[in-house]
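To start, the structure under review is shown below, and the notes come after it.
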Amino acid sequence: MRLRVDLLPHGNYPDVVLVIDVLRATTTAVAYLERGADALLLTSSPEVALNLRSDNAESGLLLGGERGGLPIPGFDFGNSPVEAAAQNFTGKTVVMNTTNGTGAAHTAAQTGKHILLAALTNAHAAARRARAIATEEIALVCAGTDERVSLEDVYAAGVLAEYLLAMGEFTIDDGARIALTMRRNAGNPIEALGSAGHGARLASLGLGEDVRYAAQLSTSTLVPTLADSSDVAGALRFVAG
Ligand SMILES: O=C(O)[C@H](CS(=O)(=O)O)OP(=O)(O)O
Ligand SMILES: [Mg+2]
């Protein structure tokens with residue numbers, strides 16, 4: 001079994017892909033499911049999200065997302081796990097669009113066989129699920145920030161790689177070696193996320209609580225999983241796995 005870490009999304013994924021966007025898309029996705037959402041629709045653009053709602057007015061879709069870290073006009077929520085964790089989404093479908101994470105999921109879905117969303121909050125469950133379904137390769141794909149490598153995503157890839165290596169034999173690539181080195185040297189999750197450029201940026205926007213929330217380790221057993229029948233144009237449908 002191969003274990004691969006892409007520091008940014010590249011494509012060509014033959015088997016299982018864990019998409020990682022700790023700050024904040026995949027952390028928020030896990031929070032929506034924790035708070036009862038039936039499904040998440042990750043769209044390719046904000047416009048697709050807005051059109052989905054206007055074309056399906058009867059279905060009560062809720063929209064969450066950001067640009068520049070701030071809520072998108074016309075959306076119901078930003079991209080905040082703290083905000084998501086304070087709501088009840090039972091029976092609701094949440095449509096998400098964010099700067100980095102939702103795009104990374106679309107890149108992964110072009111080739112990957114099984115697409116899961118991973119964060120620090122669901123890291124152990126995500127690793128266990130990936131190990132259970134993989135037949136040849138597990139790719140840990142870091143979303144990054146504006147096409148540049150993000151410390152928090154690489155750190156989480158290192159956490160996931162540690163869990164996976166404890167579960168079985170893998171041949172690992174240099175991306176995995178870099179992520180493991182980061183994990184071992186960046187301190188605990190709070191220290192790591194606090195030292196990340198994007199962590200500091202969110203704090204400067206008054207979103208430091210989101211950074212602290214995202215630093216919780218393996219507090220959730222929910223793994224957002226791309227559904228087989230993902231028949232919504234321009235959107236990927238994830239359900240709790
Ligand atoms: O909301 C976030 O944390 C980022 C957006 S930005 O980098 O602050 O502009 O989006 P994500 O897709 O979750 O990385
Ligand atoms: Mg991010």
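Counting starts at 1 for both ligands and their atoms, following the listed order. Quick note: residue numbers are just sequence positions, from 1.
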>> Would the distance check show the side chain of Asn79 and the main-chain N or O of Leu70 forming a donor-acceptor pair, the cut-off being under 3.5 Å?
In response: no
> Below 4.0 angstrom, N of the basic side chain to O of the carboxylate: do Asp76 and Lys92 qualify?
Replying inline: no
> Which of the numbered atoms in ligand 1 are below 4.0 angstrom from a heavy atom of Thr145?
Replying inline: 7 (O)
>> Which atom name would you report as the N, O or S atom of Asp21 nearest the Mg ion (ligand 2)?
In response: OD1
>> Would Leu202 count as a polar contact of ligand 1, with the cut-off being nitrogen or oxygen pairs under 3.5 Å?
In response: no
> Counting from 1, what ligand 1 atoms have a heavy atom of Arg201 closer than 4.0 Å?
Replying inline: 6 (S), 7 (O), 8 (O), 9 (O)
> So, do Phe77 and Phe89 have ring centers that fall under 6.0 Å from each other?
Replying inline: yes
> Any donor and acceptor pair, going by atom type alone, linking the side chain of Ser195 with main-chain N or O of Ala192 inside 3.5 Å?
Replying inline: yes
>> Between ligand 1 and Asn79, is the shortest N or O to N or O distance under 3.5 Å?
In response: yes
> Among all protein non-hydrogen atoms, which one is nearest to atom 11 (P) of ligand 1, and what is the separation to 0.1 Å?
Replying inline: Asp21 OD2, 3.1 Å
> In ligand 1, which numbered atoms sit nearer than 4.0 Å to a non-hydrogen atom of Gly68?
Replying inline: 9 (O)
> Do Glu66 side-chain atoms and Thr99 backbone N/O form a donor-acceptor pair below 3.5 Å?
Replying inline: yes
> Atoms of ligand 1 less than 4.0 Å from Gly69 heavy atoms?
Replying inline: 6 (S), 8 (O), 9 (O)
>> I'd like to know if the Mg ion (ligand 2) has an N/O/S atom from Leu23 within less than 2.8 Å of it, counting both backbone and side-chain atoms.
In response: yes
> So is Ala143 in contact with ligand 1, going by heavy-atom distances below 4.0 Å?
Replying inline: no
>> Is there a salt bridge (Lys or Arg N to Asp or Glu O under 4.0 Å) between Asp6 and Arg4? Walk through the geometry before answering.
In response: CA-CA 7 Å; Asp6 284 3; Arg4 152 184 176 187; 3.0 Å; yes
> Would you find a donor on one side and an acceptor on the other, under 3.5 Å apart, between the side chain of Asn97 and the backbone of Ala49?
Replying inline: no
> Should the proximity of Glu66 to ligand 1, defined as any heavy atom under 4.0 Å, be assigned to the side chain, the backbone, both, or neither?
Replying inline: side chain
>> Heavy-atom count check: over 12 atoms from other residues, nucleotides or ligands less than 6.0 Å from Glu136 CD?
In response: yes
>> I want to know if ligand 1 touches Gly144 in the polar sense, i.e. an N/O pair below 3.5 angstrom.
In response: no
>> Looking at Arg177, I'd like to know if its CZ atom is crowded, meaning that more than 12 non-hydrogen atoms belonging to other residues, nucleotides or ligands lie closer than 6.0 Å.
In response: yes
>> Assess the residue pair Tyr163 and Ser218 against the criterion (side-chain hydrogen bond (donor to acceptor under 3.5 Å, both in side chains)); give the C-alpha distance rounded to whole Å, side-chain angles, the decisive distance to 0.1 Å, and a yes or no.
In response: CA-CA 11 Å; Tyr163 284 141; Ser218 299; 2.9 Å; yes
> Which residue owns the protein heavy atom closest to atom 12 (O) of ligand 1, what's the atom, and how far is it?
Replying inline: Thr98 OG1, 2.6 Å
>> For ligand 1 and His198, I'd like to know whether there is a polar contact (N/O to N/O, distance under 3.5 Å).
In response: yes
> Which ligand 1 atoms does Ala25 reach within 4.0 Å, using its non-hydrogen atoms?
Replying inline: 13 (O)
